[in-house]
Amino acid sequence: MELHFDQELSQLKDALLRMSAMAEQSVAQSLKALVQRDGALARQVDTDDTSLDRLQMEIDERSVQLIALRQPKARDLRFIVMTMKIAAELERIGDQAVNIAHRAEELNKEPLLKSWVNIPRMAEITRGMIHDTLDAFVYEKPDAARAIIGRDDEVDALNQQLHRELTSYIIEDPHTITRALNLMSVAHNLERIGDHATNIAEEVVYLYEARDIRHQRD
Amino acid sequence: MDKPILQIRNLNFWYGLKQALFNVNVAIAPHRTTAFIGPSGCGKTTLLRCLNRMNDLIDGARIEGEITMHGQNIHTPEVDVIELRKQIGMVFQKSNPFPKSVFDNVAYGLRIQGVTNKAQLTVRVAESLRKAALWDEVKDRLDESALQLSGGQQQRLCIARAIAVEPEIVLMDEPCSALDPTATAKIEELIQDLKQYYTIIIVTHNMQQAARVSDYAAFFYLGQLIEFDATEKIFTNPSNKQTEDYVTGRFG
Amino acid sequence: MKLRHSVKELWFGAMLACAVMLSLALLTWTGFSVSTILMLVVSAALFLAWLRLEREQPQPGSLRRHSVDSRAVVFTAATGLATFAVVAAVVIILGNIAWHGAGQISWRFIFGGTGEAMFDAHRAGIFPMIFGTVALVFLMTIGVLPVGVITAIYLNEYARPNSLPVRLIHGAINNLAGVPSIVFGLFGLGFFVQFVGGGIDNLFYGGQLHYRKPALIWAAATMAVMTLPVVIVATEESLRAVPNGLREGSFALGATKLETICRIVLPEAMPGVMTGAILAIGRGAGEVAPIMFTGAAYYLAHLPTHWTDQFMHLGYHVFVLSTQSPDIERTEPILYGSVLVLLALTFLLNLAGVLVRAKIRARMRSAHG
């Protein structure tokens, strides 16, 4: 039986999906701005972030209203609470994308330091994680969400590898330090994005299984 | 709010010497659900019954102030209270179906108005029962006694009966207080559906119910209106401390 | 079941029994003398003391059956005896009547006229009396039901409760109910026959005698006044029993008070109204004193054809037979037969009312579900 409440819940879900599409897009655009050294695109990512922030505030306000007015229970309650948390993670992913865009603008001031290997690979993985975890959310597949968590290890590994590589660049030629640090920063941002995507996956598992799987790894 | 359909201005009400309502001012929005909430004895039912002048039936009832519908004062001699009650219907706390068949119950108001054509009656009765989400359950039992229905069905029948005469406003006095949670949920859904056709004013002592179904809420205490605002404001951030205490369950 | 009594209880029981027997003996031999009254007082005191005797207390927590309280046994026996006595009385009376009257019943008796052979058991017939009684009851009911029901509706639905008119009317009804039936007869004579009848004759017949005499209509009117309290009270009770929620529901739909009464309240109260009608009919068929001066006749050659005619009446006929008969032994069978027929007629009239009420109730039951 479709209740009026169900309509309100699906409106909330739609808002979250819009937000995730925007977050994914931000990450993609920021990488493009970085790799293609496109300053205009980088600035675009910055301005687009305000829409993302506004959407998060909307989702939070609507969630609080629904809790006050509808007294949700069981799955409805988990859904609303997790929606608020996932929105927060997506907002921070957006912030990380903005950081990457800023680094891109900095890096554009000097010539390319090295070929793009790890960073695009990290971006690809994390984008896939965001996409797949939101899919798991939409299609109610907690196991698919679980599977995503493992991919974060690869992101972390790539980050550490790049870190070592860039450290050796700096030792060899101290003039590369600015570019190297910027690149390390980008890698760090991407690693954070991976962590946020992992958090989202954990929240999706909680929503559908009522099981809290956070803080369990190693 | 759109132009209000019902306006209550400086309303004071006495049962004999005892004053029950003190200077109440409320504007009722059309095609919305407005809830009157508050602890027992705060005057919400008294106010509701003033709106369709059911309090006229009580000995010693005295009213001061003004209630206007579409701008016209409902207490002037030109207003026929019978006509008023056809515009403002009422559903009571304890469902009171007549000891007649389901069909005759819903058709009662129409027959009073002079509709005798059997075909017309059949159509309008079916329409009302559909709007009241009762049609599927009674369509094969229209000639059976209304008293054979379950409590929740009887209350929906009373709603169908009230809306059969196509009132503009439907007053509901704690319609679910005698029902179990499942029947209550059905009626709460129904109230949200009926908004598109009618303006609904509901008195409830269950504030969670008011939170679920209403668009506007008026909080009363000891005969006074304490706060009147959009429901989401009343339940997330009321302006008045008394309202907040009531809504958070700290008193009443 | 154990009857365990303490010694104290046994002594008390014995003393009480002795006291009662002594009282009865004194009553029989000395009437209401001082000693009798004294003994009765002693018996009463002993009885009260016996009631308040302390019984064996049950052990706390014990679920075992305790000794039977002798008070319970005695009271149960007493109620049984009383019921039996009442039933026995009815059976004896009816039996006696049926036994002696049955022989008189025949086609001729029921359906024949009387002629002058009213006191002759072999030739008497009581059809005119039966006809007259039924006609009286019929007219009375037509008169009393509308007036009584409408009055009750006014009292319960329109008038302010406990207002002066209501209290006056209730007072009048109570007094009316207590008036002896012979007084009603005199009232009927003075008011209906002389005053109203005379007035009608003067107004419409130029003084010719049409209404200013004993007539079926005046007897019916008198009986209607007499049975009015019963109908009003029964109707009022049944109106009061209609839940107020139904009235409110009707008003809220825009019905007037009259519509609400006609469509909802009165139909719901119908069985109660019928009960009042049944009670009225019961009295109407049996009472004699009110109709003696207002319409009943000792002997008529033909049946009444118009309500200004007099009529013969079963109850009155019984009175006539027992007081006017030249030879009481020869008339006795007719007497018994008439009484039997009167009882049967009353029973049938009541039954008719009960059946109508049952039909109404059955129709309501299908509406009530």
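Bear in mind the structure is a predicted one, so any value in this text is a computation, not a measurement. Numbers restart at 1 for each chain; the letters A, B, ... are given by sequence-line order, proteins then strands.
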Exercise for the section: Determine, for B/Phe98 and B/Arg161, whether the Lys NZ or Arg CZ falls below 6.0 Å from the six-membered ring centre while staying within 45 degrees of the axis. Expected result: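 Output yes; distance and angle both within limits.
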Exercise for the section: Test the B/Lys118-B/Phe103 pair against the cation-pi criterion, namely NZ or CZ under 6.0 angstrom from the six-membered ring centroid and within 45° of the ring axis. Expected result: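 Output yes; distance and angle both within limits.
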Practice task
Flag the one option from B/Lys86, B/Met90, B/Arg85 with the top tally of heavy-atom pairs under 4.5 Å to chain C.
Solution key: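 Heavy-atom pair counts peak at B/Arg85.
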Practice task
Look at B/Val165, B/Asp59, B/Val91, B/Leu57 and state which one has the largest set of heavy-atom pairs under 4.5 Å with chain C.
Solution key: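 Answer, by heavy-atom pair count under 4.5 Å with chain C: B/Asp59.
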Given a strict heavy-atom distance threshold of 4.5 Å, which part of [X] is in contact with chain C: side chain, backbone, both, or neither?
X	answer
B/Pro167	neither
B/Tyr108	side chain
B/Lys94	neither
B/Arg111	both
B/Ile88	backbone

Practice task
Please report the shortest heavy-atom distance between B/Arg124 and B/Ala164, naming the atom on each side.
Solution key: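 Scanning both residues, the minimum pair turns out to be NH2-O, 3.1 Å.
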Exercise for the section: Considering non-hydrogen atoms only, spot the tightest contact between C/Thr346 and C/Ala285 and give its length. Expected result: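 Nearest pair, atom of C/Thr346 first, then C/Ala285: OG1-CB, 4.0 Å.
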Practice task
Indicate whether the side chain of B/Ser101 and that of B/Asp104 have a donor and an acceptor atom separated by less than 3.5 Å.
Solution key: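 Per modelled atom types, B/Ser101 and B/Asp104 side chains form a pair under 3.5 Å.
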Handout entry: side-chain contact (heavy atoms from CB on, under 4.5 Å), paired with B/Leu51, selected from B/Ile28, B/Ile8, B/Ile169
Key =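 Answer after filtering B/Ile28, B/Ile8, B/Ile169: B/Ile8.
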Practice task
Pick one of side chain, backbone, both or neither for C/Arg263, based on which atoms fall under 4.5 Å of a heavy atom in chain B.
Solution key: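 Both the backbone and the side chain of C/Arg263 come within 4.5 Å of chain B.
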Handout entry: Portion of C/Glu259 that has a non-hydrogen atom of chain B nearer than 4.5 angstrom
Key =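 Both the backbone and the side chain of C/Glu259 come within 4.5 Å of chain B.
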Practice task
Take B/Glu174 and B/Gln209 through the side chain to side chain contact (heavy atoms under 4.5 Å, CB included) test and state the conclusion after the steps.
Solution key: CA-CA 10 Å; B/Glu174 306 203 28; B/Gln209 177 174 86; over 6 Å; no
